[in-house]
Amino acid sequence: MEALVASAIGMMTAAGVYLMLRQRTFPVIVGLTLLTYAVNVFLFTSGRLATNVPAIYGEGAPGYADPLPQALVLTAIVISFGMTAVIVMMALGAFLEAGHDKVDMNDDDTPANGGQK
Amino acid sequence: MSLALIAALPFLGALLPGLMIRAGKNACALVTGSVTALALLMLGLNAPAVLRGEVVQTRIEWIPSLGLNANFFLDGLGLLFAGLILGIGLLIILYARFYLAKSDPMGQFYTYLMLFQGAMVGIVLSDNILLLLVFWELTSLSSFLLIGYWKHLPEGRQGARMALTVTGGGGLAMIAGMLILGNIAGSYDLSVILQNKEAIQASDWYLPALILILLGCFTKSAQFPFHFWLPHAMAAPTPVSAYLHSATMVKAGLFLMARMWPVLSGTPEWFYIVATTGLITMVMAAKIALFKDDLKALLAFSTVSHLGLITMLLGFGTAEAATVAVFHIINHATFKAALFMSAGIVDHEAHTRDLKRLGGLRTLMPITFTIVTIASLSMAGIPPLNGFLSKELMLEEAAHTAWMANPWLIGVLATIGALFSVAYSFRFIAHAFLGPVRSDYPAKPHDPGFGLWAAPALLACLVILIGLFPMLTAAWLVNAAASAVTGAPVAVKITHWHGLYAPALWMSLAAIGGGLMALGLHPRLMALWTATPRPEAKRIFDGLMEPFATLAGRIANGLHDGALTRYIAIGTLAIAAVCYYAFDTGTHAIGTRDLMPVPPVPALGWLSLVLATLAIVIFHRNRLLTLVLVGIVGLMVSVGFAYFSAPDLALTQISVEVATIILMLLALNFLPKATPVESAPLRRTWDGAIAVIAGVGIAALAYALMTRDPAFQAISDFHITNSKPGGGGTNIVNVILVDFRGYDTFGEIIVLGIAALVIFALTEALLRAGPANDRLLAWKPDQRRAGDRHPMMLVVATRVILPIALMVGFFIFLRGHNEPGGGFIAGLIVAIALVMQYMASGFAWTAARQKVDYHALIACGVLIAAATGIGAWFNGLPFLTSAFGYFTIWPLEEFELATALLFDIGVFLTVLGAVMLALASLSRIGLRAGETVNTQPFDIDPSEGRTLNSEEAR
């Protein structure tokens, strides 16, 4: 099982990184989303895998999964939603302002003299 | 506690002006002033103890392992300086209220000013030198903002940069010096260091430490040869100049020399470096001041000269000279602040401060003339004003100090400095105010309103009072401060008359006579001055800086060429390389933890996740399909969470998934629907290789982690044990969120709220007139529209679902403390229920029926969470400690009420508000792009057989 989870994390990371290396905003956002999944699952696995032992008190519960990574990942999921929403909006704004959705600046956009006065 | 609070108050106050400026300039100035006044009051409450000779201390352990403690102490020297900083700061706030023009952003100004004030107060109250260094650098940074306040002026920006480079560079040297000093003394606490004079002066490292610390002091206090930044800093608004150069910034260097005086002074090295530098600075700057036509430049060089005078006195190394230095610090602050403010008034009213274009203002601006006359005469050292008293004492000390066995050198040079001082002071009065009234002022000068002259007038009164009754008004403060500097009780005796045999009398007379003569000869001297070539400091500085700027530009532009893909590639490879290095150089053994079996259903889940991920990579050019595939991946991740005993995560993930996909769909409506093929096959292979490296690395790391037991005892056991007894809930994850780690959650919802506000602000910016707005107005949908965009079936279904969904949300919220659920998830569920109404009947129809301000929701959420946290204080417990109890209300069962529930309501409201605000912002963009404004809940009403939301409704 561990190998499956690890390989899934690896797949999502690889796909995420590949898409983030594309030159348009939309694939970059999708790539970031995939990377977010990978990171969240990775953090979650730091509590090690366990089935049928939710971190909820119960009579005769055989044990509890590590609740701390779960709590941290829960807030991470919500925060990454906020972050995704912001970059989606930035991508949309950039497209509407510039008329294209390329992520790399071309030579016209780069400050020619390094922002010197 | 109170000392830390005095230092913290200006920083807290820096938050207010930006908010209060909306209530008007008076309210803004009043609030800013009240904060400073409060700090001054608290200082005043500590004053009696300090004047009795006690040292008030506040000790807060910060990072004890690094010797970094937030320790503060207040002795006579600290009291004097903190009083000057806050007192004159208060006057500056008043003056700036009336000085700044309508177009100047006053909120920003006060924010910068308060930051600076806080940093200065921090310096003079710090007991820990590391803390002091932090505040020291903060003054450099905040003065940069203040000097460059008029961002549209190149002189302002260049002056600010020069000040930052010089004082910041000196600060770096000082850090090194202070660390050496701390090492010798074995402690970073000033109170300990000050006890270790013998050890420090006997150390081989004494001279390097001394030179490095003095570099910091000399750059800050504009001593030769670092004096050149100060005149260029005059590009700042006058209130800034008055503040920085009379009582604060440049006095910080003097303060530190005085603070370190007990351990560093008394050696020949100290005498020859400090006294000589001070002497040169005093004479040279006084001479230059005489030839400056710009009133502020004249005052700038005069300031440099007086700083030199004080430095020289500290350099003498005798208790008497140090006492005079302390006295002159007070006097200089009073008359120089008054003069700067008066120069600002002249500039404000006559629209010039060039002495060549002024003159004859005496009758036009009688009040300003009176203030300037008093302050200038004091600066010149004319009896009976306060400047006279300290100058007389200075000359007396100079006359009795020998330099390289030469008994009269210092005395003669000091007299010459005083002579120039007399000359430029009188020139200020004579060339600006005396003489005939002119007809060609750039503006018609007249006295300003009370608000502008009140502050300098008060200072002029002080000049007279201290001058007439020095023993009554100033001696107690001088005694307290000088005792702190010298480490021995000082009882100063200040008199106007030292007798006929005192050399100071004759030196003073010579200075006044010579000064008047120099003023008379001024035109001829000026011609001579213009004819002699001089090194131009700014050109040399710029020449020195140029290669560095070029080099920095080359490095920065080379690394940051604006290509995001390149940054990501470099970053990923760098991380991979570092990780590989760590793996390669360490030892490795296969993990020993038992592996879990793989049942068939989870294996299928894994397969669909992997296939969907692969499909995303292959089909990523079709954006709509990509979103569907992302949905599959997200779904599998949440199912995985559910399988691995994390029901809360599964619920959160799945509801976030829905909200994210809706959001991306809405955005995709305005984005191209396909990604073109742009990169060459080679580039794609290369990117693929990077991606595989990252993926394999992470997978290996995750596998290694999962097959091992934790290296350290996990802290989770604490949470598992205490969740019910301590937090009152059986759902441990939720108790961690709202109780154990409530502080994290509190920060988290604030971040979420900020993210939503950023989205709102971005939308506002896009909808303003500009290319984005033009594009939206000319928007032509690139997809075929559905004929029935608000189908009745969907409308009816969502209406039926709404109360059920709200109830589910409520249920999930309430059970959260004990079962999977909670504020985060409930907020998302309710948000989705509301968004469904938007989807069914359109944004305009829904928004008109649902009058909830999402900003208010976010604000309420954060405030409720904060109020719950603060509530714990009233029980004498730390922030966010939760309380709970069990109640029975007939006929219900016994149930539990916890403050954590209130906190969770805050979380719920913030999440709801943030999600809705983000989605509503996108809908507003849609409306601008010509989305139909639907007046009816659905488009086609079958009972009437016609279209309700016609195109005319647009």
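Order of the sequence lines fixes the chain letters, A, B, ..., with proteins taken first and strands second; residue numbering starts at 1 for each chain. Predicted model, so just to flag it, every value in this text is computed and none were measured.
Between B:Val637 and A:Val41, some side-chain heavy-atom pair lies under the 4.5 Å cut-off. The shortest side-chain heavy-atom distance between B:Glu748 and A:Val78 does not fall under the 4.5 Å cut-off. For the pair B:Gln653 and A:Leu74, the minimum side-chain heavy-atom distance is 4.5 Å or more.
Looking at residues two or more places apart in sequence or on another chain, you find a salt bridge (Lys or Arg N to Asp or Glu O under 4.0 Å) between B:Glu678 and A:Arg24. Residues forming a salt bridge (Lys or Arg N to Asp or Glu O under 4.0 Å) with B:Asp744 (at least two apart in sequence, or on another chain): B:Arg741.
Contact of B:Ala914 with chain A is not made at all, since no heavy-atom distance falls under 4.5 Å. Only the backbone of A:Ala98 has a heavy atom closer than 4.5 Å to any heavy atom of chain B. Only the backbone of A:Asn52 comes within contact range of chain B, with at least one heavy atom under 4.5 Å from a heavy atom of that chain. Looking at B:Ser655, there are no atoms closer than 4.5 Å to chain A (heavy atoms on both sides), in backbone or side chain. In this structure, chain B has a heavy atom under 4.5 Å from the side chain of A:Leu34, while its backbone stays farther away. The parts of B:Ala667 that come within reach of chain A are both its backbone and its side chain, each placing non-hydrogen atoms under 4.5 angstrom from that chain. B:Val696 does not touch chain A: none of its heavy atoms, backbone or side chain, sits under 4.5 Å away. At a 4.5 Å heavy-atom cutoff, the contact between B:Val758 and chain A is made by side-chain atoms alone. Looking at B:Leu627, only its side chain comes within 4.5 Å of chain A, counting heavy atoms on both sides. Interface remark: B:Asn669 contributes no atoms to any contact with chain A (heavy atom separation under 4.5 Å). Using a 4.5 Å cut-off between heavy atoms, B:Val915 contacts chain A through both its backbone and its side chain.
Residue B:Ala694 comes nearest to A:Val17 through the heavy atom pair CB-CG2, 3.9 Å, listed as atom of the first residue, atom of the second, then distance. When all heavy atoms are compared, the tightest approach of B:Ala691 to A:Ala14 is CB-O, 3.2 Å. Among all heavy-atom pairs drawn from A:Arg22 and B:Thr565, the shortest one is O-CG2, 3.3 Å. Among all heavy-atom pairs drawn from A:Gln23 and B:Arg683, the shortest one is NE2-NH1, 2.8 Å. Between B:Pro602 and A:Met1 the shortest heavy-atom distance is CB-CE, 3.6 Å. Annotation for A:Ala91 and B:Leu671: closest pair O-CD2, 4.4 Å, computed over non-hydrogen atoms.
With values rounded to the nearest 0.5 angstrom, A:Ile77 atom CD1 is found 10.0 Å from B:Phe824 atom CZ. To the nearest 0.5 angstrom, A:Gln70 atom CD is 12.0 Å from B:Asn734 atom CG. The line from OH of B:Tyr567 to CE of A:Met20 is 13.5 Å long, rounded to the nearest 0.5 Å. From B:Lys673, atom NZ reaches atom CZ of A:Phe26 across 9.5 Å, with rounding to the nearest 0.5 Å. For the atom pair CG (B:Leu766) and CE (A:Met90), the distance works out to 11.5 Å, reported to the nearest 0.5 Å. Taking CG from A:Leu19 and OG1 from B:Thr626, the interatomic distance works out to 8.0 Å, rounded to the nearest 0.5 Å.
Close approach to chain B, defined as a heavy atom under 4.5 Å from one of its heavy atoms, is seen in A:Tyr64, A:Ala65, A:Asp66, A:Pro67, A:Leu68 of residues 61-68 of chain A, taken by number.
B:Phe641 has its ring centre less than 6.0 Å from the ring centre of A:Phe44.
The aromatic rings of A:Tyr18 and B:His620 sit perpendicular to each other, their planes meeting at more than 60°, with 30° as the lower class boundary.
Around atom CZ of B:Arg554, no more than 12 heavy atoms belonging to other residues, nucleotides or ligands sit under 6.0 Å away.
Under the side chain to side chain donor-acceptor pair (under 3.5 Å) criterion, the residue pairs touching residues 28-44 of chain A are A:Tyr37-B:Glu657, with sequence neighbours excluded.
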Passes side chain to side chain contact (heavy atoms under 4.5 Å, CB included), B:Ile925 versus A:Met89? Steps please.
CA-CA 10 Å; B:Ile925 291 181; A:Met89 206 63 203; 3.2 Å; yes

